[in-house]
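When reading the values below, keep in mind they use all heavy atoms of this one structure, side chains included, and skip hydrogens, waters and symmetry mates.
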Amino acid sequence: MAANQTLTSSITELIMSYYDRLLLEKLRANTVLYQFAEKKTLPKNSGTTVTWSRYTDFSASSALTEGTAPSAQVTSASNISCTIEQYGDYVQPSELLVMTAIDNQIESIVDLLAYQAAITIDTRIRNGMLGTSSVPSGAKLPLQYWHSGTSAGYIGTLSGVLSDMKMDTNNLREAAFNLRRLNVRPYEDGCFVAVAHPNVIKGIEEDSNWQTWNSYQAKETMWKGEVGKIYGVRIVESTNMYSTTSGAGASATAHFTPVFGKGCYAVTELDGGVKTYIKNPNDSDTSNPLNQWSTVGYKATFATQVLHLSAGRIVVTAG
């Protein structure tokens, strides 16, 4: 049956604004990767493409010559664009269910849709880093496979990742080193960020270096989901990180952990980009002749893009 497309006068703008805020609050509460991105407002009246400008830094200045004005610098920038996408879904509660439900049926549905929107956007950002929604053979960020801290311990392919090759602090130290040597900007506290699955974090926490380091660290956290830091890398937990057994070594599940600095990737702001739609039946709706159902839905208008290919690493380990 076709969804009812007409909003009745009984649903006021005030009520709709309340449900927009409710969904957005829950959306942010369930999104991990969104909080680390560079944010840009959605463009208005400018088509379906959003563009970020990446400027090239100036080199060191030369000494001035007395009485002589230097030549003016010329700015140089490259534009990175992507297509704005829309995501959405809806629920069709029956009139009887809404009338007899013990809880607030509309708020419960918005809660479910908020989580669906959150996991959709979080997955879209994650896949943007990997470059694909399946095995990331074409990952946008460079892959750094497991190593034991020695040159003999480096693994060069996914098939070389075995079940005992858990993430340890050596992996994080190497990722941080690679970012620092490329002048990747850390976040405001001077640290990079790693977003890891709980199975990966378990391996880190079993490392004696982690235990020693974090026993002296202050317990305040900067980011939602943060579990600690080491070697200038703050570790944030997420169950939505990518993993696969396809192509991994015998009995191994390969986990992909992004480690990145500020400005690695960007998103369009969710404020104004997420809307709720609550529609009731009306006398003109012939698809719902007995007014037996309404619809509650959401639509998210969103875009994400990796800005600096060298500003992050994806560490591949077993979990």
As a quick check of understanding, evaluate side-chain contact (heavy atoms from CB on, under 4.5 Å) for Thr317 and Met165, giving each step before the final call. CA-CA 6 Å; Thr317 58; Met165 296 176 175; 5.8 Å; no
Run the numbers on Lys202 and Met167 for side-chain contact (heavy atoms from CB on, under 4.5 Å), then give the verdict. CA-CA 8 Å; Lys202 183 176 183 293; Met167 173 80 86; over 6 Å; no
Please test Val91 against Leu112 for side-chain contact (heavy atoms from CB on, under 4.5 Å), starting from the C-alpha separation and ending with a verdict. CA-CA 10 Å; Val91 176; Leu112 293 172; over 6 Å; no
Please test Leu158 against Phe256 for side-chain contact (heavy atoms from CB on, under 4.5 Å), starting from the C-alpha separation and ending with a verdict. CA-CA 11 Å; Leu158 186 61; Phe256 295 74; 4.0 Å; yes
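For Lys40, the salt bridge (Lys or Arg N to Asp or Glu O under 4.0 Å) criterion is met by no residue, not counting sequence neighbours. Applying the salt bridge (Lys or Arg N to Asp or Glu O under 4.0 Å) test to Asp89 and every residue at least two apart in sequence or in another chain returns nothing. Checked against side-chain contact (heavy atoms from CB on, under 4.5 Å), Asn199 has the following partners two or more places apart in sequence or in another chain: His197, His255.
Atom NZ of Lys39 sits in a crowded spot, with more than 12 heavy atoms from other residues, nucleotides or ligands closer than 6.0 Å.
At a cut-off of 3.5 Å, with distance as the only test, a side-chain donor of Ser159 or Thr157 sits close to an acceptor on the other residue. When only modelled atom types and interatomic distance are considered, Thr301 and Gln86 share a side-chain donor-acceptor pair under 3.5 Å.
Looking at Tyr265, its side chain never comes within 3.5 Å of a backbone N or O of Phe260 through a donor-acceptor pair. Of the possible polar contacts, one joining the Asp168 side chain to the Asn171 backbone as a donor-acceptor pair under 3.5 Å is found. In terms of modelled atom types and a separation under 3.5 Å, the side chain of Asp207 and the main chain of Thr169 share a donor-acceptor contact.
Lys229 and Arg234 make their closest contact through CB-CA, 3.8 Å (heavy atoms, listed as atom of the first residue, atom of the second, distance). Closest heavy-atom contact between Ser81 and Thr51: OG-OG1, 2.8 Å. The two residues Leu179 and Gly261 make their nearest non-hydrogen contact at CD1-N, 4.3 Å.
Taking the six-membered ring where the residue is Trp, Phe36 and Tyr187 present perpendicular rings, their angle passing 60° and hence far from 30°.
For the side-chain contact (heavy atoms from CB on, under 4.5 Å) with Thr123, the qualifying choice from Ile121, Asn127, Thr120 is Asn127, the only one to do so.
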